[in-house]
Amino acid sequence: MIKNLSVSNFSLQHSLESGQFFRYSLVDGWYYVTVRDMFFRLRQQNNLLEFEGCSELFIKHFLGLDIDYAAMVEFIAKDDCMKQAIVCCQGLRLLNQDPWECLVGFVLSSVSNIKRITANLQSLSTGDELRLGTHVSCMLPRPGSLTASSNARLGFRAKYLSEINELVTESWLRKIGKLPYLSAKEELMTLSGVGEKIADCVLLFGYGFHEAFPVDVWVQRVMQENYCPKLKKPEHIASFGRNYFGTHAGYAQQFLYHWRRSFLSS
DNA sequence: TTCCAGGTCGTTT
DNA sequence: AAACGACATGGA
């Protein structure tokens with residue numbers, strides 16, 4: 001059964017296709033999305049969001065519709081650069097992903113690209129089959145159950161994931177979410193293969209720590225071009241971003257990342 | 001063939 | 001504290 005939801009200040013395309021989430025595919029105008037044991041589809045026409053296969057309560061939270069968007073935009077729109085990014089990425093929302101799936105996805109992301117990350121996640125998704133009409137997807141196994149066949153082609157990331165699968169438990173994942181930002185980050189970084197950038201991605205996209213400011217090569221580029229040309233190291237730029245954009249730094253980062261990649265030349 | 005890709009880690013200045 | 005180079009693999 002297809003259900004409707006009225007939305008404002010929201011772009012499904014910008015939200016799903018801004019590099020924060022990898023478990024979706026676009027087929028015949030519908031986005032098919034897999035999250036834990038849920039497999040659902042959705043599409044948007046202006047203020048109408050149609051969805052099927054999950055509850056309204058879940059989708060509102062997953063899509064980040066339960067925040068005051070106007071207040072967030074007002075908070076970070078401190079300069080012309082950010083204002084321009086916001087206009088171009090109008091309706092972009094930070095998703096609320098599952099922490100484990102987010103962790104696996106971003107460990108795969110290092111020195112990779114979105115297409116390959118998506119394929120790698122697909123090959124790791126060996127769990128129960130999920131069906132929606134004629135479409136099929138599979139669960140990503142929970143911590144302790146991840147198995148990477150040799151043809152998964154994970155490269156040097158395979159050893160990281162194998163160790164993370166050994167060490168991580170559901171209770172450890174829950175504990176991270178209850179810690180303050182800096183402690184949570186420190187704890188995540190005890191995992192081999194998780195440095196500052198990936199920890200920030202997991203905290204931002206998986207745990208909702210909106211003060212996190214992950215700095216990859218694109219954010220580094222856009223920040224050096226517009227904010228802090230003198231800062232060279234990603235961790236310095238990250239700390240600049242957190243100080244400058246404050247509690248909504250994560251949103252600022254996502255606008256800048258998507259804007260720099262999708263609307264400006266390399 | 002060579003270079004680079006949503007980084008991290010160990011080693012050397 | 002900052003600056004390398006290696007790491008697997010695939011696509012341009």
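All chains are named by letter (A, B, ...) in the order of the sequence lines, taking the proteins before the strands, and each is independently numbered beginning at 1.
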(message) Connecting only ILVMFWY residues whose side-chain heavy atoms lie within less than 4.5 Å of each other, what is the rest of A:Leu57's hydrophobic cluster?
(response) none

(request) Could you run through nucleotides 1-7 of chain C and give me one letter per nucleotide, 5' to 3': B if any protein heavy atom sits under 4.0 Å from the base, S if only the sugar-phosphate is that close, - if neither? (result) -S----S

(request) Scan for side chain to side chain donor-acceptor pair (under 3.5 Å) pairs involving residues 192-217 of chain A, sequence neighbours excluded, and state none if there are none. (result) A:Tyr181-A:Asp200, A:Lys185-A:Glu196, A:Lys185-A:Asp200

(request) Could you note down all residue pairs passing side chain to side chain donor-acceptor pair (under 3.5 Å) where residues 248-258 of chain A supplies at least one of them, sequence neighbours left out? (result) A:Ser18-A:Gln254, A:Tyr257-A:Arg261, A:His258-A:Ser262

(request) Could you identify which residues of residues 92-100 of chain A place a heavy atom less than 4.0 Å from some atom of DNA chain B, listed by residue number, or say none? (result) none

(request) Can you sort out which residues in residues 190-226 of chain A have a heavy atom within less than 4.0 Å of DNA chain C? Ascending by number, please. (result) none

(request) Sorted by first residue and then second, give each ring-ring contact (aromatic ring centres under 6.0 Å, His included) pair with at least one member in residues 90-145 of chain A; sequence neighbours left out. (result) A:Phe22-A:Phe106, A:Tyr32-A:His135, A:Phe106-A:Phe205

With the criterion being N/O to N/O and under 3.5 Å, what pairs connect the protein with nucleotides 10-12 of chain C, and how long is each?
none

(request) Would you mind listing every salt bridge (Lys or Arg N to Asp or Glu O under 4.0 Å) that reaches into residues 155-173 of chain A, with sequence neighbours excluded? (result) A:Arg142-A:Glu170

(request) Considering only heavy atoms of chain A and a distance under 4.0 Å, specify the first and last nucleotide of DNA chain B in 5' to 3' order that meet this criterion. (result) B:dA5 to B:dC9

(message) Applying side chain to side chain contact (heavy atoms under 4.5 Å, CB included), can you list everything that pairs with A:Asn47, at least two apart in sequence or on another chain?
(response) none

(message) Can you list everything that forms a salt bridge (Lys or Arg N to Asp or Glu O under 4.0 Å) with A:Glu74? Sequence neighbours excluded, please.
(response) none

